[in-house]
Visitor: 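Sharing a structure with you now.
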Amino acid sequence: MMIRVITFTCLIYIARCNSYYPRNRGYGGYRPPAQCIVSQWAIWGQTDYFGIQRRYRWIIRHPTPGGGMCPNLIETRTAPCNCAVGQWSLWSVPNQSGVSFRNRNILKRPSYGGRPCPIVYQTKQVAKDCVVSLWSLWSQVDSQGVRQRTRIILQRPCHGGRPCPPLVETIKVSVDCVVSTWSEWSKHDKDGISNRQRFVEVTPIHGGKECPHTIETKAVPIDCIVGDWGSWGPVNNEGIKTRARVRKQKPLNGGQPCPPLLEELEVPLDCIMTVWSEWTVPNKKGISFREREIVREQKNGGKECGATDDTKAVPIDCVVTKWSDWSPHDNNGHSHRERYITQPALNGGEECPVTYQTKLVHINCIVSAWNEWGPLNAEGISTRFRTIVTTPLNNGDPCPPLDQTKAVSVDCIATVWSIWSPHDSQGLSRRERFVTQQPLNGGKECGHLIETRLVNINCQVSAWNEWGPINSKGIARRYRAIVTTPLNKGDPCPPLEQTKTVPINCLVTVWSEWGPLDDSGISRRERTIIVKPLNGGKICPVLKDSKNGMYFITGIPVDCIVSLWSTWKPHDNTGFTYRERYVIQENLNGGAECPKLRDTKYVPIDCVVSEWSAWTQPDEGGNVESFRTIRVKPLNNGMKCPDLWQKKKVPLDCLVGEWTKWSERDKDGKITRRRDVLRYNLNGGEKCPTLEQTQLVSVNCEVTQWTEWTSPDEGGNRLRSRVILQPSLNGGNICPSLSDNDKVPLDCLVGEWTKWGKRDKDGKITRTRDVTRYNLNGGNKCPTLEQTQLVTVDCEVTQWTQWTAPDEGGNRRRSRAILEAPLNGGKSCPPLADNDKVQMDCLVGEWTKWSKRDTNGKITRTRDVKRHALNGGKKCPELEQTQLISVNCEVTQWTEWTSPDEGGNRMRSRVILQHPKNGGNNCPTLADKDKVQMDCLVGEWTKWSKRDTNGKITRTRDVKRHALNGGKKCPELEQTQLISVNCEVTQWTEWTSSDEGGNRMRSRVILQHPKNGGNNCPTLTDKDKVALSCIIGEWTTWSHPDTNGLCTRTRKILRHSVNSGTPCPYTTETKLVIVQCVVSEWTAWGHPDNQGTCIRTRRILIKPVSTGKPCPATTETKSVKRDCELGEWGQWTKPFGFGTIERIKQIKKEAFGGGAPCPVERQTKNAPITTTTTSENFGVQFVRPVVQPRDLVLLIDGSGSIGDEPFAKTLEDLSELIGMFCPLSDPLDHKQNPGNYIQLSAILFSTDSELVFKFNKYHSVKQAQHAIKAIHYNPGTTCKEKALMLGETMFTVSNGMRPSKAVKKEVLLLTDGLYNCEGDNIVLSAAQSLKNVADVYGMMIGISTDDGRQKLSKLVSEPQRDHLFAVDDLGQFSKLIIHLKDLIHAGKLNCVPFKGPLPH
């Protein structure tokens, strides 16, 4: 140990000597002299075995030449050493006194004032429980039914051990009741009841068998006795009178029953009827009725009832309607009016007046409105015309002038300016316009026709070329060239050259090898600079290094020491900058590593942009643009660049082309010429001039052939008409008469038969029918109007009467009467009387008084049976009751006192005259004692006894007479002494039976406990383990076979083997059985389904198992044939189309199995429609239907009958309609609704048809709405066939249609008139071709003629109720759109999810 300390001291001395020499640091030079710097003391180390602690410190900086020496680096001290002890041993087994102990060893003794050792030995008292022997056998049962068993204490408890349990246990034994034999039966009472009894000889105790009943009764039969009949009673409503007799003795206990106690007799009763009612108002035949009712039918042969109804004929005058309004006059000025017969004269009433009148009407001349002013002629004169609509007749007003002229001032009209021409090399641009109309009649003169302007030309440069090579100063350059020189205040050119400094990191050689240690113990190494750092590149690291060999010898850890951070360097073009620090002291011997010597970051650089450029030339939409460029891009979260592009709109005037040639005359005698819009005005520019001019040409009237005669009206009048093919226009020949009247014979028409009337007293019923139209103009007369027939009348009876009160035998009666006797072979009457037996409960009398008390204190009372139970009635209750009453004890007087005995006692007594009964007062004491005062007398002492179990010996003396009754007490009677006694125990008992774990036990008990210092007792118990074999139960029965035919049986382990006993055998057995399939009988054939298939089945009762026979088929089918069967008419639909409702016959039973299919039977009729009903139907069927995705073509009518402003309003309404489609997010957006979106296409038609946009043009509602609103009105004739043909071509993949069948193909035709370019066949053929590829819907606006409605209805798909919609005018169409929005806002028209599968 001394050698180790001297060596360590020498190492410290060497370290102090070496600390004198400095280390070379920096860039090859020496630092000024410096003092030695050491660290703070480390914490004290662990105390060694001798109580010594040490701590250390380290040299942070060695002294340079001229600096002081380093201080001590190691320090020691002594420290207190505490006592150290080991773990406690386990507690020892407790000794006979219940004491256990434990100890622990001293590992290190205390020194230098350390903590002394704790206790190293401990004892404790252990609780011992009481131990008792096994129970003895049970004793014999004593007189109280009790037996007992006992046990003794083997080990008494100590130190809080469990106390001893009870040493005696008793149980109570049950004793059964014993009774005597039965007595003889007693004589029966008035209710026929006899009884007998028996008595209790032994009372049961402790739950023994209870005593049986001690009283029995039996019933004795008693016959019925009745009195004489009473007088007959009054007659009831059924004609029945009764008499009765009294029962004097009711039959009891099966005695002879009573004869009938009630008798009935039938008495005749006459019919009773109400008075006649008032006569009714006469019917259409003039017949009036009155009636009366039967109050009571005749009974038992009484007088029959009379008739219940009566009729008479009443005169009825003819009744006619009011005159109709005068009809519109015909071409000759004739007008007529009429009225109709609502009630013909009947039964001599007043006849009908005239029902038809005519008159002549004054017809004034009526002219049309002025047409538009015609085109100007060369002198600027315009003309307009009007035509005669109605020629004057019958002194009507004559016609006014039919033409007018006016001179119009015409301004000079020039075209719009052309777009600015491209500028020339000097930046000069020009535009021009041309005169299309010279000024007339003082109109505005033409302005200048050519304009020029100078255009600002900005400098434009090429893109930067690649960066050039880096020169010796770390500079790189790049260049760009001028593409366009700036002119006319254009932006000047930006710099054409750009440089950047590139950081060049320092590059050094690798370190040289470490040199040898010099005299100071220092080793050195070096490295040199290859490339010096430039432009913020990484600085050079340390070029020279040295190390002190002593640190490696001593192994003292030295942490790395670095300098402070330098300032941040200027950032480069990327925002990159850095800072550095250098190493002052390298780490040694596991000291802390050096931290990083370089820190970098990126500085935010904000965006810098140029000035705005000049505005560009306007495009077709009037849009102009301006730009600016990025000078410096933002970097490292610097401020982002502002907008580099701006746009605005400038006004553009409307530009039109030349006039076309005059068109052919149209149906109104009008010829037209047009000119096209080359460009519409935009952004507030000047609007377009007139684009159409018309002139009127005279046209003669042309009419069609006469139509067929109409069906005659109620007056037999019929009409025929012809229509104007071409009305007279502009002074042409007027039209002939357009209508003709005639009368035809009309046969009498009658209505449906009424329901058969009420049956009269003879069984006759009647039905009638009314005249809906009497014969006119020589037509056939009316057929019979009344029919009668006889009907069979079944007997009708009243409800049963209430049951009569039951007689003494329980018999009761009820009856019913005839309400309606049978007629004409009707069903005869059922029985009118009915008998029944009623359950009658037993009736008993009042209780008798209580009897006198017998010797046992019992009293008795009884009651008689007045009527025994009949017909299952409730049996008789208890007929006898007994009670026990209390009897008090009675005794004699006291006898005289006896002489006192040896104890000084004397006595007297008395005897019982009456024992107490049933809770009476108990007897008093029968004996009485008294004491006389006597002193104690004792004998001589005995010899000392033998020692007892406690080592005690005793001697005693007897008391010859104890002190009595306050006499003098006895002296001491016993003396004891203690001697030592050793413990004595019995022999071991036999081993106990082993428990479930194979454990068994034997014991011995202490005969003599050690006393007074005697020897202690040996062990009293002994344990052992024995081998127990497995015990297993019986096998269970075999289980039912499973699906594989395996049956299983098991047995339970009752006890597992222990202590190497015989182990248990297997507990499960299986066997294979074969089970055949068993099925039930076939069920009856079921009803046929919709395909005519009937099915019957059978069940599998037992499934086959193993190789058993498999099951046969459990289902059979057969086909049957049934024709379709139609039922009732369905409900009328809501009004649709042009005002139609329809209903269809419902299918009652579908055809199947090849039966006749169902026809479609449909009825239609006109009904008024409203905008509200149309909008609701249009919303459900078209706007928001439950359908898959849709490809929809809009066919938009742009004919001349609409007008400019109404057309624009219609486009706004149509665009709002598109916004209501589903899904709600955006129905046209294919990204938000992949596969589930709508595609739109639009076609505008008038004279020609124009494709506005294809299916895949727009993918948002706003885009499509904007495109529809921008459609230009192009008025002309209505050529629907072209639009229908063009619509059909849209449903191709090339036009954007989706080919998937999951996408519904639809067309919406929006029109305000009939077609007038081609014939019906061509239009209907084009419509049918379109309907073959798509569902065609129609929104028909303002179609008022039946012919127009009929033709347009054929253009839409079937059923028309789902595809045809109509409103009166364009204003109503706008209201329809508003109502649709209200329905949507009210939640009454919601979007429903698309149905799949959907296309992707």
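The figures that follow rest on heavy atoms only: side chains count, while hydrogens, waters and symmetry mates do not. This one's a predicted model, so the numbers in the text were calculated from it and none came from an experiment.
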Visitor: Would Arg430 and Glu432 pass as an ion pair if we require N to O under 4.0 Å?
Guide: yes

Visitor: Quick one: SG on Cys607 to CE on Met639, what's the gap to the nearest 0.5 Å?
Guide: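 Atom-to-atom, Cys607:SG and Met639:CE are 9.5 Å apart.
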
Visitor: Answer yes or no: is there a donor N or O on one side and an acceptor on the other, between the side chain of Ser512 and the main chain of Glu526, under 3.5 Å?
Guide: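 Yes; judged by distance alone, with no hydrogens or angles, the pair exists.
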
Visitor: Within a radius of less than 6.0 Å around NZ of Lys1262, do more than 12 heavy atoms belonging to other residues, nucleotides or ligands occur?
Guide: no

Visitor: Measure the spacing between CD1 of Ile457 and CG of Asp491 and express it to the nearest 0.5 Å.
Guide: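 Interatomic distance, Ile457 CD1 to Asp491 CG, rounded to 0.5 Å: 12.0 Å.
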
Visitor: Do any N or O atoms from the side chain of Asn683 and from the backbone of Val650 form a donor-acceptor pair under 3.5 angstrom?
Guide: yes

Visitor: Mark yes when over 12 heavy atoms from residues, nucleotides or ligands other than Asp424 sit less than 6.0 Å from its CG; otherwise mark no.
Guide: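 Yes, because the 6.0 Å sphere around CG of Asp424 holds more than 12 heavy atoms from other groups.
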
Visitor: Return the CZ to SG distance between Arg109 and Cys83, rounded to the nearest 0.5 Å.
Guide: 7.0 Å

Visitor: Roughly how far, to the nearest 0.5 Å, is the CH2 atom of Trp565 from the CZ atom of Arg579?
Guide: 5.5 Å

Visitor: Do Asn456 and Lys489 get their side chains close enough for a donor-acceptor pair, meaning under 3.5 Å?
Guide: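 There is no such pair between these side chains.
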
Visitor: Using the rule given for salt bridge (charged side-chain N to carboxylate O under 4.0 Å, His left out), can you reason through Glu497 versus Arg477, listing the C-alpha separation, both sets of side-chain angles and the distance that settles it, and then say yes or no?
Guide: CA-CA 7 Å; Glu497 179 182 8; Arg477 287 181 171 80; 3.1 Å; yes

Visitor: Look up atom CH2 in Trp514 and atom CZ in Arg524, then write down how far apart they are to the nearest 0.5 Å.
Guide: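 Spacing of CH2 (Trp514) from CZ (Arg524) equals 10.0 Å.
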
Visitor: So how far is it from Leu1240 CG to Gln1263 CD, rounded to the nearest 0.5 Å?
Guide: 11.5 Å

Visitor: Closer than 3.5 angstrom, by distance alone: can the side chain of Ser523 be matched with the main-chain N or O of Gly515 as a donor-acceptor pair?
Guide: yes

Visitor: Run the side-chain hydrogen bond (donor to acceptor under 3.5 Å, both in side chains) check on Asp1226 and Gln1232 step by step: do they pass?
Guide: CA-CA 7 Å; Asp1226 188 327; Gln1232 290 189 39; 5.5 Å; no

Visitor: If you count heavy atoms of other groups shown closer than 6.0 angstrom to CZ of Arg55, is the number above 12?
Guide: yes

Visitor: Under a 3.5 Å threshold, yes or no: a donor from one side chain and an acceptor from the other, between Glu686 and Asn681?
Guide: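 No.
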
Visitor: Is a side-chain donor-acceptor pair under 3.5 Å present for Glu625 with Trp645?
Guide: yes

Visitor: So which heavy atom on Ile1218 is nearest to which on Pro1227, and how close?
Guide: O-CG, 4.3 Å

Visitor: Here's a test for you: under side-chain contact (heavy atoms from CB on, under 4.5 Å), which of Thr629, Val632, Leu644 qualifies with Val609?
Guide: Leu644

Visitor: Can any side-chain N or O of Asn636 pair as donor or acceptor with the backbone N or O of Pro604 at less than 3.5 Å?
Guide: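 Side chain of Asn636 to backbone of Pro604, a donor-acceptor pair under 3.5 Å: no, none is there.
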
